[in-house]
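Structure first, then comments.
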Amino acid sequence: MDLVLALLIGVAVGFSLGVYVARRYKANPRPEAWQREVIREISSWLGQELDKTLIKLGEGLQVWGKDLTQAISVKLAEHSEQLNSRQAILENLVKEARGIYQQLQVALKKSSRLEISQATDQNSQKEQAAIHKTIKNSLPDDVPRDKEKVAASNMQEVDMKIKSFLNSKKIKIKRIYKRSIDMEKKEEKLDRIADLMGRKYSLIKRFYGMIKSNMNSGDSFSINLRDEPKQVIGTTCQVATELRQIEFLEEYRYYKASKRLEARASRSPEAQNFLSGNWLERYVRNRLSCLAKRQTGKIDFACVANAEVTLLDKDYFEMDLLFRFNDQFYWVESTTGEYQDKVQKYSKIASDLLGLQRNQAIMVLTDVSQDAKTRLSSLYHLSVISVDEVEATFERILKSHLREV
């Protein structure tokens with residue numbers, strides 16, 4: 001970048017000097033010896049100054065620019081008596097040099113912003129590489145492993161019956177992303193953590209609540225676990241350790257003597273996505289897939305996850321999970337946050353667009369009382385369940401279809 005700026009300065013000053021010489025030559029084709037000497041001296045001096053620019057640019061463009069402008073003015077003053085009427089032309093040279101200096105300032109600022117942006121991208125790539133390096137190839141037997149080849153477009157193949165079902169409702173699938181084999185070990189690690197968080201949610205509820213409350217701000221938090229049962233302490237520390245290993249927690253410490261835990265969530269997009277609710281979607285999908293896998297050959301099962309679709313009114317929507325047992329379709333949405341503004345929308349989609357029965361549309365919540373679940377399920381056209389009821393709900397649905405076989 002410094003070399004480019006130096007070349008630009010050389011070209012600009014050389015051009016200005018050429019204009020001056022051309023004007024003088026036109027007025028007097030045979031310049032006097034003293035005129036040639038002045039021009040030669042100025043040209044030589046400018047060449048020396050340009051040689052210094054690479055060093056000066058490293059020390060700061062602003063200081064160098066001011067020094068250069070001042071030096072040009074001084075040099076011109078040394079020959080003021082000889083130049084006389086030619087002073088106006090040389091003053092234009094100074095103005096042009098100042099203009100070049102201002103343009104270079106703008107160019108340098110743009111370059112600095114570009115370099116900062118490139119540095120940020122490089123840091124992000126290093127962070128992703130560090131996360132990938134920490135992944136271990138460990139996963140419980142009941143968490144599904146998808147080893148199918150991925151298409152070049154990285155699009156998940158859609159079950160024909162599911163596709164036909166959506167088409168009949170005037171719902172168009174835009175895209176469904178499938179996990180890449182290159183990232184399979186990492187995905188398996190995330191699945192394992194999600195499975196742990198889902199199965200043990202009642203034990204980590206307090207810890208997870210603190211993560212959600214502080215992850216957007218990036219603030220550290222602490223929890224006093226002195227009065228908690230050993231099972232709560234052990235599971236909380238286990239989840240925290242797992243999250244720290246993949247750098248979804250930037251800080252984690254547990255003080256055994258005081259039974260105090262300190263942590264800080266990462267603000268990386270991947271960590272924020274997982275901690276804000278992607279873990280619950282993974283848990284729900286994996287529980288369903290594991291149950292269906294055990295009944296392979298006994299029941300016809302298919303599902304699609306995170307399908308981006310356009311509804312009948314052209315509204316964009318992402319479906320967490322759509323699956324079928326034989327020819328019966330089910331839709332599941334999961335949320336770890338506020339659900340009041342979502343339950344009515346999901347109810348309308350389930351009844352008006354998808355044409356599902358109440359027990360075929362399921363909404364999974366993390367923090368909801370039994371009274372709230374009963375009330376919401378009676379008021380809206382869907383079934384509201386807690387994270388603790390996910391596996392039992394899927395087992396009940398599956399058994400009902402097995403009896404039909």
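Residues I397 and S400 approach most closely at O-OG, 2.5 Å, considering heavy atoms. Closest of all the heavy-atom pairs between I385 and V390 is CD1-CA, 4.1 Å. V364 and L280 get closest at one heavy-atom pair: O-CD2, 4.2 Å. Taking each heavy atom of E262 and Y255 in turn, the nearest pair found is OE1-OH, 3.4 Å. In this structure, N214 and S220 approach most closely via the heavy-atom pair OD1-O, 4.4 Å. When every heavy atom of S258 is checked against every heavy atom of N224, the shortest pair comes out as O-OD1, 4.0 Å.
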Applying side chain to side chain contact (heavy atoms under 4.5 Å, CB included) to T236 and R206, what does each step give before you reach the verdict? CA-CA 9 Å; T236 298; R206 185 180 172 198; over 6 Å; no
Using the salt bridge (charged side-chain N to carboxylate O under 4.0 Å, His left out) rule, take R267 and E250 through it: C-alpha gap first, then chi angles, then the decisive distance, then the call. CA-CA 9 Å; R267 299 188 69 184; E250 292 185 352; over 6 Å; no
K200 vs Q238, side chain to side chain contact (heavy atoms under 4.5 Å, CB included): CA-CA, chis, key distance, verdict: CA-CA 11 Å; K200 303 293 185 180; Q238 182 183 1; over 6 Å; no
Derivation of the side chain to side chain contact (heavy atoms under 4.5 Å, CB included) call for L321 and E281: CA-CA 8 Å; L321 182 63; E281 296 174 12; over 6 Å; no
Does the pair E187 and R282 meet the rule for a salt bridge (charged side-chain N to carboxylate O under 4.0 Å, His left out), with working shown? CA-CA 10 Å; E187 293 291 341; R282 287 173 179 267; 2.7 Å; yes
Run the salt bridge (charged side-chain N to carboxylate O under 4.0 Å, His left out) check on K174 and E308 step by step: do they pass? CA-CA 5 Å; K174 303 300 291 184; E308 297 180 8; over 6 Å; no
K399 vs R396, test: side chain to side chain contact (heavy atoms under 4.5 Å, CB included). Steps then yes/no. CA-CA 5 Å; K399 288 179 180 178; R396 186 172 60 253; 6.0 Å; no
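Taking the centre of each ring, F325 and F323 come in below the 6.0 Å mark.
Within the 3.5 Å criterion, the main-chain N or O of K293 finds a donor-acceptor partner in the side chain of T296. Formation of a donor-acceptor pair under 3.5 Å by the H401 side chain with backbone atoms of D300 is not found in this model. S383 places a side-chain N or O within 3.5 Å of a backbone atom of R358 that can act as its donor or acceptor partner. Checking side-chain atoms of R244 against main-chain N and O of L249 turns up a donor-acceptor pair under 3.5 Å. Remark: the backbone N or O of F329 is paired with a side-chain donor or acceptor of Q360 at under 3.5 angstrom. Between the side chain of Q272 and the backbone N or O of M215 there is at least one donor-acceptor pair closer than 3.5 Å. Using a distance-only test at 3.5 Å, with no hydrogens or angles considered, a donor-acceptor pair links the side chain of S377 to the main chain of V384. For D315 (side chain) and L311 (main-chain N/O), no donor-acceptor pair under 3.5 Å exists by modelled atom type. At distances below 3.5 Å, at least one donor-acceptor pair connects side-chain atoms of S276 with backbone N or O atoms of N273.
Residues M197 and Y208 meet the side-chain proximity criterion, which asks for heavy atoms closer than 4.5 Å. Taking 4.5 Å as the limit, some side-chain heavy atom of C237 sits within range of a side-chain heavy atom of Y252. Residues I171 and L354 have side chains in contact (heavy-atom distance under 4.5 Å, counting atoms from C-beta outward). The side-chain heavy atoms of L379 and V343, taken from C-beta on, include no pair separated by under 4.5 Å. Within the 4.5 Å cutoff, the side chain of V304 has no heavy atoms near those of the D159 side chain. Within the 4.5 Å cutoff, the side chain of V332 has no heavy atoms near those of the D320 side chain. No side-chain heavy atom of L275 sits under 4.5 Å from any side-chain heavy atom of K212. Proximity of E333 to K345: side-chain heavy atoms (C-beta onward) are nowhere separated by under 4.5 Å.
With rounding to the nearest 0.5 Å, the separation of CH2 in W279 from CG in D195 is 10.5 Å. Atom CD of residue E247 and atom CD of residue E270 lie 10.5 Å apart, to the nearest 0.5 angstrom. Note that CE of M319 is 7.5 Å distant from CD1 of I349, once rounded to the nearest 0.5 Å. Atom CZ of F301 is separated from atom OG of S289 by 5.0 Å, given to the nearest 0.5 angstrom. One distance of note links CZ of R324 with CD1 of I299; it measures 9.5 Å at 0.5 Å rounding. Rounded to the nearest 0.5 angstrom, S347 OG and L376 CG are separated by 10.5 Å.
With 3.5 Å as the limit, one finds no donor-acceptor pair spanning the side chains of Y339 and D367.
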Expected list for residues 162-170: side-chain donor-acceptor pairs under 3.5 angstrom, two or more places apart:
{"residue": "S164", "atom": "OG", "partner": "M160", "partner atom": "O", "Å": "2.9"}
{"residue": "N167", "atom": "ND2", "partner": "K163", "partner atom": "O", "Å": "3.3"}
{"residue": "S168", "atom": "OG", "partner": "F165", "partner atom": "O", "Å": "2.5"}

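Heavy-atom contacts from other residues, nucleotides or ligands closer than 6.0 Å to CD of Q344 number 12 or fewer. Atom CD of E395 has more than 12 heavy atoms from other residues, nucleotides or ligands within 6.0 Å. Shown here is E338, whose CD atom has no more than 12 heavy atoms of other residues, nucleotides or ligands within 6.0 Å.
Below 30°, between 30° and 60°, or above 60°: for W331 and F317 the angle between ring planes is above 60°, a perpendicular geometry. Using cut-offs of 30° and 60° for the angle between ring planes, the F248 and F274 rings count as tilted.
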